[in-house]
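Let me begin by presenting the structure, written as structure tokens, before commenting on it.
Below, chains carry the letters A, B, ... as their sequence lines are ordered, and counting in each starts from 1.
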There are 2 protein chains.
Amino acid sequence: MGASKTHIFSATHNELAHVAKVLAHPARVAILEYISKQDACICNDLVDVIGLAQPTISQHLNEIKKIGLLKGTFEGKNLCYCINQERWEELQHSFHLFFSNINRNCC
Amino acid sequence: MGASKTHIFSATHNELAHVAKVLAHPARVAILEYISKQDACICNDLVDVIGLAQPTISQHLNEIKKIGLLKGTFEGKNLCYCINQERWEELQHSFHLFFSNINRNCC
DNA sequence: AATTAATATTGCAATATTACGATAAAGATA
DNA sequence: TATCTTTATCGTAATATTGCAATATTAATT
């Protein structure tokens, strides 16, 4: 087999897993941290900052974009993007919720 | 190629990615949520609760165990385990830190 | 010691991810 | 229009993950 059986899990569980998957690569963690700490939009220094080839960075950025964490313009040469703060806080909340639900009386 | 270039990233980034990878599968999210909400230790109902074959559950549990999220006894028939609360809070803090660092003045 | 009931490991097939060279596409500038 | 600069896509090889059947292991019970 090899494909995850997503249909047997709840939407909430699938969504958290889907987002976690994007954070499950150090390059994407590094990219997100770098962008989120910038004062202005990002243009083209990620390849130098991260240290992976340009196509690889482009693919990682696309994964991040797919879960809605980036906003800005993505057309042609003058692209300019940054963190989508609303989505960021949404995901922050999802992880907070997940980690909040723990029972204290156990072994 | 195909292998992540972990050596070019910081320990912090690698660690967060490593933990996120464990959360990057709905079965493991479901398992963690189920265990964390139990009043007592877990014995053997996970296969029924989750709906995957016993070897698959065992493998997922092992992934969770590897990042230190489970504590208890894991020997033979009478195994009995639950969430390692200290580690849980440690990871909670890591994700909180990651999501806290965002700059507000952007596009 | 044999049986039973539970989890762990092995082996394998299917699928997904990672990375990058080559190339394409888009837009600014000469 | 030709050129330059930058990002996106394609193609491909290497590696990792997912899932389960078969089997092994473990320890309690008979």
field: Set of side chain to side chain donor-acceptor pair (under 3.5 Å) partners for T12(B), sequence neighbours left out
entry: none
Can you give each donor-acceptor pair under 3.5 Å made by side-chain atoms of residues 18-27 of chain B, sequence neighbours left out, with the distance rounded to 0.1 Å?
residue : atom : partner : partner atom : Å
H25(B)  : ND1  : A27(B)  : N            : 3.0
H25(B)  : NE2  : S4(A)   : OG           : 3.1

message: Using 0.5 Å steps for rounding, measure from the CD atom of E15(B) to the OG atom of S10(B).
response: 8.5 Å
Length of the line joining Y81(A):OH and dT7(D):C1', which is rounded to integer Å: 9 Å
field: E90(B): side chain to side chain donor-acceptor pair (under 3.5 Å) partners, not counting sequence neighbours
entry: R87(B)
- prompt: Is there a side-chain contact between D45(B) and Y34(B), using heavy atoms and a 4.5 Å cut-off?
  reply: yes
task: Return the angle between end axes of the helix from dA1(C)-dT30(D) to dA30(C)-dT1(D), with five pairs used per end and rounding to 10°.
output: 10°
message: Distance check needed: dT17(D) C1' versus E63(B) CD, whole Å only.
response: 9 Å
task: Check side chain to side chain donor-acceptor pair (under 3.5 Å) between K5(B) and all other residues, then give those that pass, not counting sequence neighbours.
output: none
field: Closest to the K5(B) side chain, choosing from dT9(D), dC20(C), dC20(D)
entry: dC20(C)
Phosphate OP1/OP2 of dT18(C) contacted by T56(A) side-chain N/O (<4.0 Å): no
- prompt: Of all residues at least two apart in sequence or in a different chain, which pass the ring pair (Phe, Tyr, Trp, His ring centres under 6.0 Å) check with F98(A)?
  reply: W88(B)
message: Please report the distance, rounded to the nearest Å, between CZ in F9(A) and P in dT18(D).
response: 10 Å
S4(A) side chain, from C-beta outward: closest of dG19(D), dA19(C), dA21(D): dG19(D)
query: Over how many whole Å does the gap from L61(A) atom CG to dT9(D) atom C1' extend?
result: 14 Å
- prompt: Heavy atoms under 4.0 Å, any strand shown: does L52(B) hit a base, just sugar-phosphate, or nothing?
  reply: sugar-phosphate
- prompt: When you check the phosphate oxygens OP1 and OP2 of dG19(D), does a side-chain N or O of H60(B) lie under 4.0 Å from one of them?
  reply: yes
query: Is there a side-chain polar atom (N or O) of S58(A) under 4.0 Å from OP1 or OP2 of dT7(D)?
result: no
message: I need the CG-P distance between D48(A) and dT6(D), as an integer number of Å.
response: 10 Å
- request: Kindly say whether, by distance alone, the side chain of Q59(A) makes a donor-acceptor pair under 3.5 Å with the base of dA8(D)?
  value: no
message: Measure CD/Q54(A) against P/dC10(D) and give the value in whole Å, please.
response: 14 Å
message: Without decimals, in angstroms, what is the distance between D45(A) CG and dT5(D) P?
response: 17 Å
- line: Within residues 15-25 of chain A, the residues having a heavy atom closer than 4.0 Å to DNA chain C are K21(A), H25(A)
For residues 50-60 of chain B, please give each side-chain donor-acceptor pair under 3.5 Å, one per line with the distance, not counting sequence neighbours.
residue : atom : partner : partner atom : Å
H60(B)  : ND1  : R28(B)  : NH1          : 3.1

task: Rounded to the nearest angstrom, tell me the gap between atom CG in N62(B) and atom P in dT17(D).
output: 13 Å
field: Partners passing side chain to side chain donor-acceptor pair (under 3.5 Å) against E63(B) (at least two apart in sequence or in another chain)
entry: K66(B)
query: Short question: side chain of N84(B), backbone of K71(B) - any donor-acceptor pair under 3.5 Å?
result: no
